[in-house]
Amino acid sequence: MSYIDRVKIAVPLKDVKELKYGAFTHINDGRKHPTHVPVMIVNKKWDVLIIDISIPRSLFNNTLEESSPKEFPKIVGIIQKYAKSYGIYIPSYCITGAAVWYAEFGKNMPLPCKYNMANLLARIGKTLSLRKNWLGKVWYFNNQGNTGLKVCVRNQEREICFYDKTTKELVSSGEYNRSNQQVFQKLLEQGYQVLRYEVKFFNHGVMKRVCAKYGQMARFDSIWESGFVEQLLADNWREIEAGIPPARSRKHGLIKSIQTAVLNGVKLKDIMVKFGLDYLERELGSTLLKQVLLPIGIRKRNKSQEATYSDLRKQRRSVNGKFKAKKEYVLQKINQYIGEMMPIRLKPETDYIEGVR
């Protein structure tokens, strides 16, 4: 599967032919974002034609459905057809081998409406905010506006984000978005909301480094057909999932968990250590908690304090196995989507949606 949402590719101007004189000067129609047709801009500095295309909008006229490699020739044809309407011709090999200057990869994950999207995104956002070292210097933002909640970590080269796609699409305006709104409205009526997981790369340099890590080239055909996108999304998600704090237990759930531990012979001291550390790490994060409990001055003067903290964490790990783990059904759903990577497809004649787990 491709799981490419939006991509900008660069075709050298020397490989593009004008079918009518002056076509290059009229190709930019003023749009900043692609709709069901791509945006094309001549970059004179680098002598390239930038083609900015939304894959799902171009193929399906909505942003819920996801493409597969067999549709790659269709995308090439769409680009050629649109270019021809502006009086230029681009050979297919120039499109398939074009350098990728910008890319958005992601997965749509329809979840039952019974899951609280705001709580889920808050937990994911907490994980992202504590993992800034992934990207070096970053900006983290938790944006709650009219378009729904979005949590994100980003720098000048890349971005990882999760957001409430149902709300975003339903409130988006524009003539081109009406059919898209109908798709998400129908899905909502069937009891599903969509969580969007997205990874973006902002320039060709970072694309080359990321693709090389997976043994690929930063070319349009390589990112489409190689399968590295699925691996990239899965690798990032595994690291995120490992740091997601547990869902807050309701009072009766907490009581039952403690009662079960007592009946199983867990010492009261161990119970206090476990829930005390769990609470403090959930509120502050393990890194900040250690900095608060063990300032650098104390660590240098009193090594026994650090040893005590380490012993308490080991004690908590040995006790964890005696508590019944709470089933995280929503995370199981997300793992299913990312693990299976089945494309979302609509069947208008039956209202059936393929790929929903």
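Residue Ile90 comes nearest to Leu49 through the heavy atom pair CD1-CD2, 3.7 Å, listed as atom of the first residue, atom of the second, then distance. Closest non-hydrogen pair, Pro91 versus Gln80, comes out as C-NE2, 3.8 Å. Minimum interatomic distance between Glu65 and Leu346 (heavy atoms only, all atoms of both residues): OE1-N, 3.2 Å. Nearest heavy-atom pair, Cys113 versus Gln193, reported as atom, atom and distance to 0.1 Å: CA-NE2, 3.6 Å. Considering every non-hydrogen atom in both Met207 and Ala103, the closest pair reads SD-CB, 4.0 Å.
Without hydrogens or angle criteria, Arg31 side chain to Pro38 main chain gives a donor-acceptor distance under 3.5 Å. Looking at Glu239, its side chain never comes within 3.5 Å of a backbone N or O of Asn236 through a donor-acceptor pair. Counting only distance, with no hydrogens or angles, the side chain of Ser58 and the backbone of Ser54 share a donor-acceptor pair below 3.5 Å. Remark: the backbone N or O of Glu340 is not paired with any side-chain donor or acceptor of Arg357 at under 3.5 angstrom. Formation of a donor-acceptor pair under 3.5 Å by the Tyr337 side chain with backbone atoms of Pro110 is found in this model. Remark: side-chain polar atoms of Glu157 are not paired, donor with acceptor, to backbone N or O of Phe201 under 3.5 angstrom. Distance alone, capped at 3.5 Å, is enough to place a donor-acceptor pair between the Glu66 side chain and the Ile344 backbone. Using a distance-only test at 3.5 Å, with no hydrogens or angles considered, no donor-acceptor pair links the side chain of Glu18 to the main chain of Gly87. For the pair Asp5 (side chain) and Glu104 (backbone), a donor-acceptor distance under 3.5 Å is absent. Checking side-chain atoms of Asp52 against main-chain N and O of Val39 turns up no donor-acceptor pair under 3.5 Å.
A salt bridge is defined here as a Lys NZ or Arg NE, NH1 or NH2 lying under 4.0 Å from an Asp or Glu carboxylate O, and Glu159 with Lys200 meets this definition.
A side-chain donor from one of Gln231 and Asp235 sits under 3.5 Å from a side-chain acceptor of the other.
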In sequence, state the C-alpha distance, the side-chain angles, and the governing distance for Val7 and Val100, and then conclude on side chain to side chain contact (heavy atoms under 4.5 Å, CB included).
CA-CA 7 Å; Val7 64; Val100 178; 3.7 Å; yes

What verdict does the side chain to side chain contact (heavy atoms under 4.5 Å, CB included) test give for Trp224 and Ser67, after you've listed the backbone C-alpha separation in whole Å, the side-chain angles of each residue and the deciding distance to 0.1 Å?
CA-CA 10 Å; Trp224 190 282; Ser67 59; 3.9 Å; yes

Take Phe184 and Lys168 through the side chain to side chain contact (heavy atoms under 4.5 Å, CB included) test and state the conclusion after the steps.
CA-CA 10 Å; Phe184 281 87; Lys168 178 180 180 296; over 6 Å; no

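Going from atom CD1 of Ile223 over to atom CZ of Phe105 covers 4.5 Å, rounded to the nearest 0.5 Å. The distance from the CG atom of Asn43 to the CG atom of Leu13 is 8.5 Å, given to the nearest 0.5 Å. Expressed to the nearest 0.5 Å, how far CD of Glu198 lies from CD1 of Ile160 amounts to 11.5 Å. With values rounded to the nearest 0.5 angstrom, Leu331 atom CG is found 5.5 Å from Trp237 atom CH2. Interatomic distance, CD1 of Ile78 versus CD of Glu71, reported as 9.5 Å (0.5 Å rounding).
In this structure, the side chains of Lys150 and Cys161 come closer than 4.5 Å at one or more pairs of heavy atoms. With a 4.5 Å cut-off on side-chain heavy atoms, Asn116 and Val330 do not count as touching. Between Lys269 and Gln315 there is a side-chain heavy-atom pair separated by less than 4.5 Å. Proximity of Val194 to Glu169: side-chain heavy atoms (C-beta onward) are nowhere separated by under 4.5 Å. Side-chain contact between Val199 and Arg158: absent, with no pair of heavy atoms (C-beta onward) separated by less than 4.5 Å. Side-chain atoms of Ile338 and Tyr197, non-hydrogen and from C-beta on, do get closer than 4.5 Å to each other. Counting only heavy atoms from C-beta outward, the side chains of Tyr3 and Pro343 approach each other to under 4.5 Å. Using a 4.5 Å cut-off on side-chain heavy atoms (C-beta onward), Asp278 and Arg316 make contact.
Hydrophobic cluster membership is shared by Met109 and Leu149, with clusters built from Ile, Leu, Val, Met, Phe, Trp and Tyr side chains linked at under 4.5 angstrom. Linking ILVMFWY side-chain heavy atoms closer than 4.5 Å, directly or via other members, places Leu188 and Tyr192 in a single hydrophobic cluster.
Checked against the 6.0 Å centroid criterion, the rings of Phe72 and Phe220 qualify as a close aromatic pair.
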